[in-house]
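Atoms considered below: every heavy atom in the structure, side chains included; atoms not considered: hydrogens, waters and symmetry mates. Please read these numbers as outputs of a predicted model, since none were measured by experiment. In what follows, chains carry the letters A, B, and so on, assigned in the order in which the sequence lines appear, proteins first and then strands, with residues in each chain numbered from 1.
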Amino acid sequence: MRLSRAEYKEIVRWTDHLRPTRQCMKMLKDRFPHHSQSTLLSIFSLEYQKRIKRTISMHRSPADVERYFQRYLSEAEARPTAPVLLELANEMDLSPALMARIILDRFLQDVDGGIPSKTVLNSMLKEPSLIPDQILANNIYQCTINDCCYGPLVDCIKHAIGQEHEVLLRDKLKEQNLSFLDENQLRTMGYDKTPDIILEVPVAVEGHIVHWIESKASFGDDHSHRTYLNEQFWSYWNRFGPGLVIYWYGFIGELDCQRDRGILLKDCFPTDIVTLCHATQQERTPEAPKEDKEWKKGIRRVADEKPGKKLNV
Amino acid sequence: MAALLESLMLRKVDINTVLGWLKDSFTEPEFTVQKLEFVPFLLNFLREQSSQVLTNGPATPAKTPSFSDKLAGRSTSSGAGSRSASRVQLFSPAPSVSPGSESEAAGPSGLTVGGQLRHEGGRGDLHSNEAGRWEAGGRRSARGVGGGHTRMGEQVSPPFAGQLNLNNLEDFPPVGSSPISPATSKPSRRINPTPVSGDRPHSKPKTCFTSTPFQKASSPLLETEASDGLMTAGSSMRLKEERELLKREKTKRAQQVASPLLSALDPCTPTKTGARTGSKVTSDMPTSPEPSKVTFSSELDVLVELYCTCISENLVPNIFLELFFVMQLLTSWAHHTHDNEEQKSLCAANTEVLERCYLRQVHNCVYFAVKVLENQFQWVLIAHLDKCTLRLLAENERVACFSPDLRDRLTQAQDRSTAKLSPSASTFIHSVPFQPATDNRSNFFSDKAFHTFKKQRDVFYEVLREWEDLHKEPGWSFDAALGGRIRGIMSQLTSAGNHSHFARLFLKQLVQVCKGPRPSSSSVDAADADLLGMLGADSLGRLKRLEERLIQPHGVVGPCPPPSFPGHQEFFRDFIQTASCCQLNQHLQDSLCQQLLQLDEVSILSPAAPIGDGEEEEEEEDGDMEQQKQRFSSVLLLARLLAKFLGFISFFPYQTSGRPSRDIQETSVALRSKVTSLPVLDVCAVLNNSIRRKRTILTVPWLVEFLSMLDFIGPLLLCYRTTLGSLLLLYRFDSADLSEEMCYLNKLLLVSVLGWLFQIPVIPEDIFLTCEFTAAVREADGVTGSAGLDCIPLVDQRLLYTCCPFLGEFRKLLAAFVSGSTARSGGIIRKITPTSAELKDTPTAMRSQQKLQVDLEQAFFHNQPPSLRRTVEFVAERVGSNAVKHMKATLVRELVERGEKMLRDGLESPNSNASMLNESICARLCEAGLEALAKATKYCDEKSPEAIRVLLPDETTPTVLTTSENITKRLAAEKACGWLSANITGSEIKTPLRSRFDGFTVTELVPFLLHLRRMKINYTYLVAVGPRTDDELPTGSHLRTLIHRVGDTLTCRKVHEYIRQTPVLDLLIFVCMDHTLLLFFNLYLVPDFYI
């Protein structure tokens, strides 16, 4: 969905006071019934991350950490079954998953007597049953499943959604009989920067030549688009020429201003694709078998990742 | 010299003797003067004469070294050499100037600094920046003859004359007085004290002349006061003078406003206000020239004769400069309110013949210019200017008024002008593709190097994009904005040792962005030439004025602009300068050198044409010619670009801000001739080799670009000096050759690039005087058999104008005249920067589907290895050619046999109507021709995929393979059909002739039969239409001349071209459209024609 900057700003203004909870998400949806849920969620998630980035330092000082930890200990002792950590996070206006991480980190310091390694920390967040303290494990679990912006579950969901859309993109390309090289093939060929898709034969979308396609399963706002431009899109342009970015969850319309320079933004798979005319007629028959094989390979790869996907469902 | 001219003007010496002397290069004359001295004298005399009238456009002084130096030394009769200094004096005793000479005295006041300043002041700062580099020279020369400053000077005159002002200290300050206190003048906005005639800060340099002709200061008493010391007055002095001029100007304005009557009494032109002072005075009507008011016409005729001989004998340093000067004269606006009588008496009062004002009146100027143009028209140069220039010239009312005959010839030439506008190359991809074969990890010696380069590539493009966005913003500085990042890249390069990778990226990007003709100027020019050509002079005026203001920022800049780095080239130059990384430069140099030498050797003729395969190739030549031209033009433009950068990098270390003193010069020469025993490029060898192999048309233009980057010492080094000498000989040889039609544009290209080179400040003037280079340039015919490129008409008008954009100056000058902008804005046209009102997407949206397909095809190649493209092009070319051969062997043969039979049958029948017969045969042949197209396409479709499949690597993916096959099919069919439709259906030949000679039935048959001849019809069939009775035979002598002339035309291989282009043949056919001609035609000419 292509939003004007004004529309986008209104949504952002409204999300300002929301917390990353299911209830809040429902409110957001009700407030903007004409926008798709994923778009709203994506915008909120980006905004929330910005908010957290601004405020996180306030919660990380040793004194604060100590204060939170002590409070958790005392409250958990008082009400062992209550979601005290989640409440604490809400009270402090901090992402529950991040609060869980801070507390777990502090907890492990007491147990091991040193700063715990990141892997240990991450694995415990992912799998709270590994945590020696049962009550803490419960609390951590409550935090991670109640946070729709941070935490291992969210990461997993995001990753899966990303994959899903890449698959969707490949799917559409197959439908159109466009053959391409994907990221993995490019990497084995030694490319230093790899977009999701490089078309073997370029096409034109709305009159613009497209050599590569990058799929982004998120909303394209100013900040993320700027980052992507600098780190990815321009790099692709520098190597492969003009290309197409699909922000599946929409973007701020005004950002689509580099078309003439070779970066085209879309919020869906383009419909008016112009191909090299003489090529398409004859290409279909001999092409089909080989592409099918590639296609299956793609499916298999996605299938491998199914467990993750299941988790988030 | 002066004496010679004087005696010529007085008819004391026979003009023909002198002309003979000028023409004959070997006889040393009875005259005591050297030719090489007389010519510059004459040129400067003309410029000096016209200096007051020429207010349009920049000055066109010729680089005539001998003149000033020697004259100053010898101090000949009229003392022209020393006059230049006199103007410095003008400020001191000004009030005492006699009324008779005041206007003239005021005219050049504070203007030219004489020729001797050339070395000191004229040489700009070469390496700092463009503007800086040329500023000094440009400013001075702009003031020299015609710049706005002259007008400023004129404007000063009224207060001098108005007696009320005589005591005004503002107008007549004492010598060297420091700025007058502002209290005396009306308080007003301060005028920025930049030199009046100087360029505005953003404007590009205007001219790069190294000497200016002398201004006329007619007051004899001033002449004696000349002193060398004053001549070296520095620029600060000039600046001061100019400030004072400005002040006077202001007061004068104030006074004029106060008492308008005064200016009415004023005998001098009250105003022709320069645009710089911002106001326009309308009281003044420019004099329009009339033939009846021409004075001194016999003297002018002498001058015309001398001048034209100098030009046609190639004694002038640069013909375009002279042509520009003539056009300036033609379009000059004089603003004399002197009565003619008064003027005449003033002039006649001068006892000295040379002191008379031959070219002070616009009537005389136009008379002179038109006479010269008339005279020069024999000399085909003018006819080869672009269509628009010719049109503007033909529609110029002055030409019509002074010489209707010249106008008619111009109109005729306009019709023949074959400006061909091919679509400019699409430039939608601007990046260098990543090629795994050269760019992936295995090409780097460490992971670190690989990843560093990854970042560097991105930073490089980031810098480029930022430059594109911002470099035109005022106050933006390359070094300040990008310097840090560029130096960052360099230090990383050094630590990772990636220079060669970066150099390759840099050069590829350079070529990618800059190779084509400049999109900004040339494409617009090309489009407007057509569009404006359709409009008449009326609407042209307004339109042109608008258009000039839109596309061209600085008005007319004259025919010899300094070397520049237009468009994106500027980025790459600044990048090299800012990076100033010796390793990178070395890599760039190596790579440039290698590429250049490769390009220089490249085969232009169609790739698979072995020499000796003459006959077969001949038939395809028509189709191939265009391809060859394109190939040549692309190679040439690329080579010029690379050579310019090679030159820039090679001479960069030696650039100095001005010409070094003689001592330093000698030391440097001694040093560099020893140390740099191996210059970067062996220019001598390259040039000699190219001359020997007759490839100068390719080599010289890029060598010129290389040499234009020379530093001041460079030309003194043996290798460059020798090269310049050879080039000079080549130049003389070629310009002398300009009278021949054959490959005219080839020669014109060489002459104009060389002429331009020799006008560049770093090239020493004395090179013109040296006769030490006597190596016979053209003597060597060492390589026989291989036809050199020089003999193939590879250059077309578009390429010529792309390589020499300064040729467009003629058009600008003439257009400015039409629009009157010269008069109104003082030759400076204010630039309008266009802003688009359209949505950004519209142009692309309107891009036609076809263009999109072509773009897609190009895009396809972009990310594929270069070998794929080469393969596709090669296969397409060969398959296309084979298709043509196949068609000729099968279908066309059959078709021709059918045609023959029909022709024979038709003519045998007693009451045959040849016209209708021809008609029907043609129609049938055309039908058959269409069939040939379909068959050829089918042939290409069958053969191309096979070849492609074999030639591409096995690993090629199916899609890529199929796409390549399809593109090959298309290209091959395009080539084959192009040839077939041009040569079989051939309607392009018949149509124009038919319309012109309707009713002359046999005439119609001629092209048709010629056409059949190309299809290998046996020539005996031509006899069939021969004379049937003896009565039809013309007389012998008549026949002989006819045959001779027709034969000359037809022995040329490009019969079609000639039928279309040469009126001679048209005329012949017209005159002798009887059967006889055909008969003899056949008998006498066919053998030649076949060989």
Side-chain angles (χ1 to χ4, degrees), chain A residues 177-181 185-194 198-204 206-212 229-232 234-243 256-262 264 274-291 294, chain B residues 428-437 439-444 450-451 453-455 457-462 464-465 468-469 505 509 840-841 843-847 849-853 855-864 945 956-967 969-970:
Chain A
N177 273 304
L178 300 170
S179 76
F180 56 86
L181 301 169
Q185 287 166 299
L186 291 174
R187 219 165 271 144
T188 47
M189 287 164 78
Y191 283 84
D192 57 357
K193 286 271 186 177
T194 51
I198 286 190
L199 296 170
E200 284 197 309
V201 181
V203 297
E206 292 167 20
H208 297 271
I209 304 280
V210 169
H211 282 278
W212 49 266
L229 270 179
N230 287 336
E231 287 171 6
Q232 298 188 314
W234 283 130
S235 297
Y236 301 153
W237 185 94
N238 297 343
R239 288 158 180 78
F240 316 112
D256 189 15
C257 56
Q258 305 278 9
R259 289 180 161 226
D260 291 332
R261 275 216 161 156
L264 179 66
V274 178
T275 52
L276 265 173
C277 284
H278 47 68
T280 42
Q281 300 151 356
Q282 292 139 348
E283 171 178 274
R284 287 178 191 180
T285 30
E287 275 323 285
K290 197 219 163 194
E291 284 185 13
E294 273 178 355
Chain B
F428 65 97
I429 290 181
H430 295 297
S431 71
V432 173
F434 180 96
Q435 297 290 353
D439 296 337
N440 71 11
R441 166 67 185 89
S442 55
N443 294 286
F444 292 81
F450 179 56
H451 288 292
F453 187 67
K454 175 171 84 179
K455 279 182 217 131
R457 183 194 283 261
D458 289 332
V459 177
F460 173 67
Y461 281 110
E462 185 190 306
L464 176 58
R465 271 191 292 269
E468 280 174 354
D469 287 342
L505 174 69
Q509 188 63 42
K840 268 207 160 172
D841 260 0
T844 38
M846 275 152 50
R847 194 156 56 163
Q849 246 2 54
Q850 202 184 359
K851 166 102 166 48
L852 198 59
Q853 288 293 322
D855 286 354
L856 278 171
E857 221 169 83
Q858 294 306 309
F860 168 70
F861 288 122
H862 180 255
N863 282 345
Q864 299 294 340
T956 313
T957 61
T959 322
V960 173
L961 192 63
T962 325
T963 311
S964 310
E965 284 167 10
N966 287 321
I967 294 177
K969 283 184 213 166
R970 189 186 68 72

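- Looking only at distances, no side-chain donor or acceptor of E200(A) sits under 3.5 Å from a matching main-chain atom of F860(B).
- By the side-chain hydrogen bond (donor to acceptor under 3.5 Å, both in side chains) test, D458(B) is found to be paired with S235(A), N238(A), R239(A), residues two or more places apart in sequence or in another chain being considered.
- Shortest non-hydrogen contact noted between T959(B) and S179(A) is OG1-OG, 2.5 Å.
- Note on D469(B), D439(B), N443(B), L464(B): by heavy-atom pairs under 4.5 Å with chain A, the leading option is D469(B).
- Residues satisfying the ring-ring contact (aromatic ring centres under 6.0 Å, His included) criterion with F450(B), sequence neighbours excluded, are F444(B).
- For the residue pair G190(A) and N440(B), the shortest heavy atom distance occurs at O-CB, 3.0 Å.
- Contacts of Q864(B) with chain A are made by side-chain atoms alone, with heavy-atom separations under 4.5 Å and no backbone atom involved.
- Your options are E468(B), E965(B), E462(B), Q509(B), and the one with the most heavy-atom pairs under 4.5 Å with chain A is E468(B).
- No option in Y236(A), W212(A), Y191(A) other than Y191(A) meets the ring pair (Phe, Tyr, Trp, His ring centres under 6.0 Å) test with F434(B).
- Taking both residues in full, the closest heavy atoms of G207(A) and L852(B) are given as O-CD1, 3.8 Å, listed atom of the first, atom of the second, then distance.
- In this structure, H211(A) and H862(B) have tilted ring planes: the angle between them lies in the 30° to 60° band.
- Closest approach of I209(A) and A859(B) over heavy atoms only: CG2-CB, 3.7 Å.
- K193(A) is not listed as a side-chain neighbour of R457(B), based on a closest heavy-atom distance of 4.5 Å or more.
- Using a 4.5 Å cut-off on side-chain heavy atoms (C-beta onward), L276(A) and E857(B) make contact.
- Interface residue R441(B): only backbone heavy atoms are found under 4.5 Å from chain A.
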